[in-house]
Structures are given as structure tokens and as C-alpha cells.
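Step one of this worksheet: look at the structure below.
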Amino acid sequence: MAEKLKQEWFSNIRGDILSGLVVALALIPEAIAFSIIAGVDPMVGLYASFCIAVVISFVGGRPAMISAATGAMALVMVTLVKDHGLQYLFAATILTGILQLTFGWLKIARLMKFIPRSVMVGFVNALAILIFMAQVPHFVGISTMTYVFVAATLAIIYILPRFVKVVPSPLVAIITMTIIAIYGDFNLRTVGDLGTITQSLPSFFIPDVPLNFETLSIIFPTALALSIVGLLESLLTASIVDDMTDTGSNKHREARGQGIANIINGFFGGMAGCAMIGQSVINVKSGGRGRLSTFTAGAVLMFLIMVLGGVVVQIPMPALVGVMIMVSIGTFDWSSITSMKKIPLTDTIVMIVTVVTVVITHDLSKGVFAGIILSALFFTAKISKVKVTSSQKEHTLNYRAEGQIFFASVTDFVEEFDYQPEGIKNVTIDFSEAHIWDDSGVAAVDKIVLKYRDNGIDVVLSGLNEASSSMIKKMAVHDKPGARLTGH
Amino acid sequence: MSGKILLASDGSEHALRAADEAIKLAKAFEKEIVVAYVIDFDRSKEDVLHSNGSLDREQKRKKQLQSTEQKLINESVSYTVKVLHGVPGPTIVEYANKNAVDYVVIGSRGLNGLQGMVLGSVSHKVAKRVNCPVLIVK
């Protein structure tokens, strides 16, 4: 136990502290920008990033993963914030945590395998599109200078890493653009126009909402969506970090950890958050491997805000917009476009339906559900194809069934047979390549046997596997005395 | 001289030619080959998104090395495959130095198009920092 603790925290001290610093610097602009997406003060996102990162470094299941305020979560809470205000957001954050903790106890991570990959691809693509769309009001049609600043920010972000790799380029872009904005008179909007920065540590308080059923009915739908979106992105990120570091992680512990982090976060005035793919990748790339990296990121972030708070309000909005455009480009799965030709058409349709649903409803969880339902339908349609082949030998007609016989396939299956064959006295049906799954399947077999019997033809069933034949024995009527077609 | 021959491969044309040279070396010096395949950090997200779990992912990656492995099997050279994660250049260097391989054989460019064309950066970095002889195959 102590050995494991030591390994998870202190086996890579230098790498973890350095990468934690890099992540803290990269987190600041994002935390502010995500707050603006959610429609809250920058401090809410910064407090959230601090609280979540520090708490999850102790209770999370995936060392070196970075969790903080995220775009995915910010997008889900917009309506709640607009209609009911900040206090309800804190309450919803706490409820989100409670739900996630419960889901974690119920080991919900096991259900991840039922989410098709095309839905996950749709999820990240929709997220990227929404983050981009949220930037549009902040730079389109404001002033020429705004466009220039956005372009300059993007130029620094994408060109600088070719020469300097140690410092995160978005931060350099933000600093450069802020300095230019302060010393030039460009009449740009700043972070200060959208909120205030308080140079103090977050403190504990209970959200100022009435504790009654009405409050619950206001926050529950948002909290449920937040908890699902948060766990989805966190577990996806955990898998990515697992792959990058070639190590395993405890997904159930991570789910519970996200819950604990959000509960504490809500009581300290933060907005609900989750793991971040981009920042976690930066962390691992910068050498972070242990829990210390996540802790350092959170702690340094708070320290920098307390020291630099006065400067942060002067950051020009176009610079933040530039950073967010970079985040959305980085989030989008570009390979999903190039691979469209290679993957099945149904996968592409599921992905696009997921994206479109999210873009219309602005709710990532709804898109995921739409995608899951659609791909379940596609899957059912695909496996409900049954093949029946026949061959004739003197007076016997031999059928051979292939596929899954269940409620979705029985109609086609029954129609595959010729019930009035000429000169046939016996019919055999070989089921060795088929499986009967439910009572509809059994009923179909009954129907076939009885129909032939009505026409004076004997039917022999063969090759039924154990499960199928036990279903037949239990439920079928054709082999019981006095069987009639009306049996079902 | 008990070390192995490290063949850096990403399944590209150049890597296949490198495999031919590695086979010659292996036969001449009676050595085993380690095929090192580096998954770039930036690929992880894409691969995780497009695969059903880690087993599926492993299989897809191994597929990249299929033609390389086929060559080794045809020439009946004994080999192992090592999938590494990280930035290709430094990761190969670290593995080679840590495991004290005798030779590193690497293609002059890889699948990573533009970067390799301009700089040949991976093979260049590897040649500079590996402690053993390096064979760069054009």
C-alpha cells in the first residue's frame, strides 16, 4: 500500500513537477475561456480547475490525467446559469458529484463498452464544433482589430512550437497579445469586461438555494447531463492516458474520484468539471507520469492567479478566442473525415447523427443517447438477416438456416420457406448455423412446423444447439399433442 | 557481443527496406532482431477513439508490421516485436541505449510525411544519440 502510494506520487518527481508547471500555464487561458462559455465569472472556472485538479490527484484512478473546468461541461450548464444563476450552478455541481460517486459505486465504467466508437467520435467532434460556435459572438463582426488579434494569436500558437517546445505556445500568445493590447490603443474587449478576478483562495460555503423539491427539479436534469458527459470524457481520457503511458488504470476509482472532486468543487464555488483530453496529452508529453503532476498543475494554477490576478483581467478577448479555436481544432477528430471511405456507412451515419443532435440541442448527453439508440437499431438490423438455403432429394426438401432467429428476424425467416412444395413428403430444417434467442424465435419454428403439418408434410428439426433446443423444449407447441397454428 | 539488432519500423516502404538490411546483419552475425514500433503520443487519441478496447488496438497496430514480420518469417530470423509509446526519435534512442542493443537499423524516412521529407529528423536524431552503430537505409 505504502509502496504503491510512493510509486504513484514520488517515482517521477522532476518530470511531474515540470509537466505540472506546463499544464498549469496552459490551463489558465482555458479555464477563463470555459467560464466565459458557461456565462460565469472567470474565477468560477479557475477555482474549479484548482479544486478538481488537487482533489483528483488524491482520489482519481488514473495518475497523470488532468481534470479541471472543461468545455464539454461548460456547454451543458449554459442554460441553467442563464435562467437560474450561479448559486444553482454550485448546487448542480454538488449534485453532479453525488451522481457520479453513485455511478462509480455502481461500477458504471463497465457500461463504456456498450458505447460504440462512432458515438465517441461524434462526441468529440460535436464538442469541437460547439466550442468553436461559442467563440463566434466574441470575434465575428466586432472590429477589424479583433480579427487581426485572433489571427495573430493563432499564428503564434501554431508557429512557435517549431522553434520553442518548453513553454506552451498558447500561453506565450496570450502574454504577447495582452502586452500589445495594453500598450496599444486598440479598443478591444478584455476578460475584465466579462467578469472579475479575485486574488484569494476559494473558501467553503453552502450554495444559497432553497433546499426543496423545486430546487431539485431545476438542477437535476442539468446535473444528470453533467455527470454523464463528465464520466464519458473522463473515462475516454483515461483510456488515452493508459495507451500513451502503456499502463493500466482503475476506471471505477476514477468515476468515484470525479464525483468526490465535483462535490468538494461545488462547495468551494467552482463549476462542474471533468478530465481534459488536450491537457492530459500535454501532461504526458511533457513528462508527467504520476499523481504529483496533476497536483502541481492545480496548485501552481492557483498560485499564479493570486499573483497575477490583476493582469489576467487585461487579457484581450480575441486572444482567448484564438486559444479556444486551437482547442476546438485539437479536439476535433480529423481522422474521422479521412477514414469515412474505409469504415461502414452506418458508422458514419451514427457519428453524424450524434454530432447533429448535439449541435441542435446543445447537449452532449442527448447526442450520445441518440447515437447509441441509432447504432443499436443498425446492429439489430444487421444481425437480423437470416439466410435459408434449400436442396431437394427425391421426396425430401432439406432447408438450412443461418443466422440469429429472434423477434427482429422471425418475419423474414418464416417467409423464406415454401409451404406448398410439389411432390414433397418430408422437410428437414438444419439449425446448426442458427441460434434461437427468444419466444418469438420459438413461435416462428412452431409456425413453420405446423404450417407444413397442415399441408400433410412431416418436418424434422436438426442441429439445434443446446440453448436453442432447451428453449424449444420449454416453449414450443408443435411437439406437444394437439398442437394448432393458433397456439401463438 | 550478445546484444540484439534493433529494427525501427513503422510499416513504411523505407522501414521495409531497412528490414532487408537488418536481416542481412542478423544472418551474418547470428543475432536476434527486435522490431520496435513507436506509437507517437499524438496518435493515441485517434487510435483509442477508433478501436474497441486495447486488444483491438493492439491487433490493428500489429497489422502495420505485417509485411515486416512476413519478411522476417520468410528468412527464418528469430525476432520479437516491441510496441513503444512516445516521440519516435527519443523513444528509440532510450530503448536502444537501455537495452544495450548492438545495432540499430532504421529507414531514412518514415510514414510521417512532411517532417521526414524535410529533415529526415527521426533517423538523424537516432544516429546522433544512440551509443551503438546505426545503419540508416535509403
Side-chain angles (χ1 to χ4, degrees), chain A residues 19 64 110 112-125 127-128 161-162 165 232-233 235-249 251 276-289 330-340 342-343 347 351 375, chain B residues 8 10-11 34-66 80-95 98-99 111-122 124-125 128-129:
Chain A
S19 68
R110 279 183 306 200
M112 276 296 278
K113 64 169 180 275
F114 291 114
I115 301 178
R117 54 196 169 169
S118 37
V119 173
M120 287 315 288
V121 174
F123 177 91
V124 298
N125 287 355
L127 174 59
R162 293 185 175 277
K165 283 193 175 142
L232 264 183
E233 192 174 357
L235 295 175
L236 172 66
T237 311
S239 296
I240 294 172
V241 176
D242 285 356
D243 188 69
M244 289 179 81
T245 56
D246 216 0
T247 53
S249 63
K251 305 285 190 297
M276 328 174 75
I277 299 175
Q279 299 290 343
S280 302
V281 170
I282 293 178
N283 189 41
V284 174
K285 269 185 171 176
S286 311
R289 291 292 181 277
T331 304
F332 199 89
D333 177 44
W334 297 97
S335 68
S336 65
I337 291 178
T338 48
S339 67
M340 258 183 205
K342 281 182 276 173
I343 61 172
D347 281 13
M351 192 271 276
S375 56
Chain B
D10 57 359
V34 186
V35 183
Y37 179 33
V38 183
I39 311 288
D40 199 313
F41 279 146
D42 290 319
R43 277 266 312 278
S44 279
K45 177 188 153 196
E46 197 182 309
D47 286 1
V48 168
L49 269 176
H50 290 273
S51 60
N52 302 315
S54 54
L55 277 176
D56 181 36
R57 208 148 55 231
E58 199 178 310
Q59 209 139 54
K60 278 184 182 161
R61 285 168 176 168
K62 282 246 168 100
K63 235 185 186 161
Q64 293 274 329
L65 296 178
Q66 220 171 27
T80 46
V81 174
K82 190 85 201 152
V83 175
L84 305 165
H85 294 261
V87 186
T91 308
I92 292 170
V93 173
E94 198 193 316
Y95 184 84
K98 217 187 219 163
N99 293 281
L111 281 176
N112 188 0
L114 196 67
Q115 203 191 9
M117 235 158 356
V118 181
L119 303 164
S121 66
V122 175
H124 184 73
K125 264 182 209 155
K128 223 162 62 179
R129 296 190 199 141

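Every chain is numbered from 1 and lettered A, B, ... according to where its sequence line falls, protein lines coming before strand lines. The analysis underlying the following values was restricted to heavy atoms, covering all of them including side chains, and did not include hydrogens, waters or symmetry mates.
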>> If I take atom OG from residue B:S51 and atom CD from residue B:E46, how far apart are they, to the nearest 0.5 angstrom?
In response: 10.5 Å
> Is the shortest distance from a Lys or Arg side-chain nitrogen in A:D242 or A:K251 to a carboxylate oxygen in the other one below 4.0 Å?
Replying inline: yes
> For A:R289 and A:V284, which heavy atoms make the closest approach, and how far apart are they?
Replying inline: NH1-O, 2.9 Å
> Does the side chain of B:V34 reach to within under 4.5 Å of the side chain of B:Y95, using non-hydrogen atoms?
Replying inline: yes
>> Counting heavy-atom pairs closer than 4.5 Å to chain A, which one of B:V83, B:D42, B:D47, B:L84 comes out on top?
In response: B:D42
> Of all of A:V241, A:D246, A:V281, which one pairs up most often with chain B through heavy atoms under 4.5 Å apart?
Replying inline: A:D246
> Partners of B:S44 by side-chain hydrogen bond (donor to acceptor under 3.5 Å, both in side chains), sequence neighbours excluded?
Replying inline: A:D243
> In terms of heavy-atom contacts, does NZ of B:K63 have more than 12 from other residues, nucleotides or ligands at under 6.0 Å?
Replying inline: no
> What residues of residues 112-120 of chain A sit under 4.5 Å from chain B when only non-hydrogen atoms are counted?
Replying inline: A:R117, A:M120
> Do A:E233 and A:F123 come within less than 4.5 Å of each other through their side chains, counting heavy atoms only?
Replying inline: yes
> Considering only heavy atoms, which portion of B:R57 lies under 4.5 Å from any heavy atom of chain A: side chain, backbone, both, or neither?
Replying inline: side chain
> Which bit of A:V124 is near chain B, if near means a heavy-atom gap under 4.5 Å: side chain, backbone, both or neither?
Replying inline: side chain
> Should the pair A:D333-B:K45 be classified as a salt bridge under the 4.0 Å nitrogen-to-oxygen rule?
Replying inline: no
>> Heavy-atom cut-off 4.5 Å, strictly under: side chain, backbone, both or neither for B:V87 against chain A?
In response: neither
